[in-house]
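What follows is a set of notes on a single structure, which appears directly below.
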Amino acid sequence: MQSHIKIKTKFKCIIGLLEFERLEKQTISLKINAKADSFLDYAKVTKLSKKYLKSKKFFTLEKANKKLAKKIKIKFPQLKKIKIEIIKLEIMKNTKLSAKYKKKY
């Protein structure tokens with residue numbers, strides 16, 4: 001049985017290079033699109049992702065995406081493909097900033 005999940009969630013975390021980004025949490029949107037050979041529990045993937053990103057203080061979106069993908073793969077070894085996008089929603093007025101990462105295993 002294959003599993004294909006799509007997750008889209010919002011929460012606050014510390015991420016960024018600028019001084020104000022290192023001091024205050026900012027709202028991000030996290031999108032995950034993942035495929036696996038067997039059942040992939042979207043609730044557990046979401047919980048793990050939020051907990052991981054909230055517990056770290058990444059400097060770049062690219063690094064956060066890559067590290068999160070690795071963390072998810074370790075916890076869910078049945079994972080075959082993953083696409084992650086983190087979007088900063090409040091970086092500047094009328095502006096969003098994002099980075100995407102995808103990996104096949």
Side-chain angles (χ1 to χ4, degrees):
M1 177 181 87
Q2 282 193 332
S3 184
H4 183 190
I5 61 169
K6 291 183 178 181
I7 298 167
K8 184 177 180 183
T9 185
K10 288 182 188 176
F11 57 94
K12 290 189 174 208
C13 66
I14 298 284
I15 190 166
L17 291 168
L18 303 175
E19 188 175 329
F20 74 91
E21 294 177 307
R22 308 300 303 158
L23 301 173
E24 275 192 47
K25 291 181 180 180
Q26 58 184 302
T27 304
I28 64 162
S29 175
L30 173 66
K31 295 180 182 179
I32 298 174
N33 188 343
K35 291 183 181 179
D37 285 339
S38 60
F39 178 70
L40 197 56
D41 187 332
Y42 69 88
K44 288 183 179 177
V45 173
T46 303
K47 186 176 177 180
L48 171 76
S49 300
K50 283 179 148 183
K51 185 176 177 181
Y52 183 67
L53 290 176
K54 285 181 177 183
S55 70
K56 304 290 181 183
K57 293 181 177 180
F58 291 102
F59 284 99
T60 65
L61 297 175
E62 293 83 356
K63 186 82 169 186
N65 281 336
K66 191 173 180 179
K67 291 282 189 179
L68 179 59
K70 186 175 180 180
K71 183 79 174 176
I72 293 170
K73 177 62 177 169
I74 290 169
K75 182 73 176 177
F76 302 96
Q78 72 271 36
L79 189 69
K80 293 299 174 196
K81 286 184 181 177
I82 190 162
K83 292 180 187 174
I84 299 176
E85 181 179 17
I86 298 175
I87 306 164
K88 290 183 180 183
L89 301 173
E90 302 167 343
I91 192 68
M92 294 169 47
K93 187 176 180 182
N94 299 324
T95 303
K96 295 178 184 174
L97 175 69
S98 72
K100 295 179 183 178
Y101 178 80
K102 63 180 177 179
K103 175 95 176 168
K104 287 184 183 180
Y105 300 100

Check your understanding: Within a radius of less than 6.0 Å around CD of Glu90, do more than 12 heavy atoms belonging to other residues, nucleotides or ligands occur?
Key -> yes

Review point. Side chains of Thr27 and Phe11: does their closest heavy-atom pair fall under 4.5 Å?
Key: no

Exercise for review: Hey, could you give me the CD1/CD1 distance between Ile86 and Ile32, rounded to the nearest 0.5 Å?
Suggested key: 8.5 Å

Study note, to complete from the structure: Between the NZ atom in Lys71 and the CZ atom in Phe76, the distance rounded to the nearest 0.5 Å is 11.0 Å

Point to revise | Neighbour count above 12 (heavy atom, 6.0 Å) for Lys103 NZ | key: no

Review point. Hey, does Tyr52 have a side-chain heavy atom less than 4.5 Å from the side chain of Ile72?
Key: no

Check your understanding: Do Ile84 and Leu30 come close enough that some side-chain heavy atom pair is under 4.5 Å?
Key -> yes

Check your understanding: Same cluster for Tyr105 and Ile7 if Ile/Leu/Val/Met/Phe/Trp/Tyr side chains link at under 4.5 Å?
Key -> yes

Practice item. Return each pair, listed once, that meets side-chain hydrogen bond (donor to acceptor under 3.5 Å, both in side chains) where at least one residue sits in residues 29-47; pairs must be two or more places apart or across chains. Key: His4-Asn33

Practice item. Please report the shortest heavy-atom distance between Lys25 and Ile14, naming the atom on each side. Key: N-CD1, 3.6 Å

Point to revise | Exercise: identify the closest heavy-atom pair between Lys54 and Lys12 | key: CG-O, 3.6 Å

Exercise for review: With rounding to the nearest 0.5 Å, note down the distance linking CD in Gln78 to NZ in Lys80.
Suggested key: 9.0 Å

Check your understanding: Atom CZ in Arg22, atom NZ in Lys57: separation rounded to 0.5 Å?
Key -> 7.0 Å

Point to revise | Over 12 non-hydrogen atoms of neighbours within 6.0 angstrom of CD in Glu24 | key: no

Exercise for review: Tell me whether Leu53 is reachable from Ile91 by hopping between hydrophobic residues (I, L, V, M, F, W, Y) whose side-chain heavy atoms are closer than 4.5 Å.
Suggested key: yes

Check your understanding: Nearest 0.5 Å, what's the CD-NZ distance between Glu85 and Lys83?
Key -> 11.0 Å

Revision key, fill the gap. Partner of Tyr101 under side-chain contact (heavy atoms from CB on, under 4.5 Å), picked from Leu68, Asn65, Leu61, is Asn65

Exercise for review: Please report the closest heavy-atom contact between Gly16 and Lys88, naming both atoms and the distance.
Suggested key: CA-NZ, 3.6 Å

Review point. Is Leu17 reachable from Ile28 through a run of I, L, V, M, F, W or Y residues, each pair having side-chain heavy atoms under 4.5 Å apart?
Key: no

Check your understanding: For Lys51, does the NZ atom have more than 12 heavy-atom neighbours from other residues, nucleotides or ligands under 6.0 Å away?
Key -> no

Check your understanding: Does any non-hydrogen side-chain atom of Glu21 lie less than 4.5 Å from one of Ile15?
Key -> no

Study note, to complete from the structure: Scanning both residues in full, the closest heavy-atom pair of Lys73 with Pro77 reads NZ-O, 2.8 Å

Review point. Taking a hydrophobic cluster as the set of Ile, Leu, Val, Met, Phe, Trp and Tyr residues connected by side-chain heavy atoms closer than 4.5 Å, whether directly or through intermediates, do Leu89 and Leu18 fall within one such cluster?
Key: no

Study note, to complete from the structure: The reported gap from CD in Glu62 to NZ in Lys66 (rounded to nearest 0.5 angstrom) is 11.0 Å

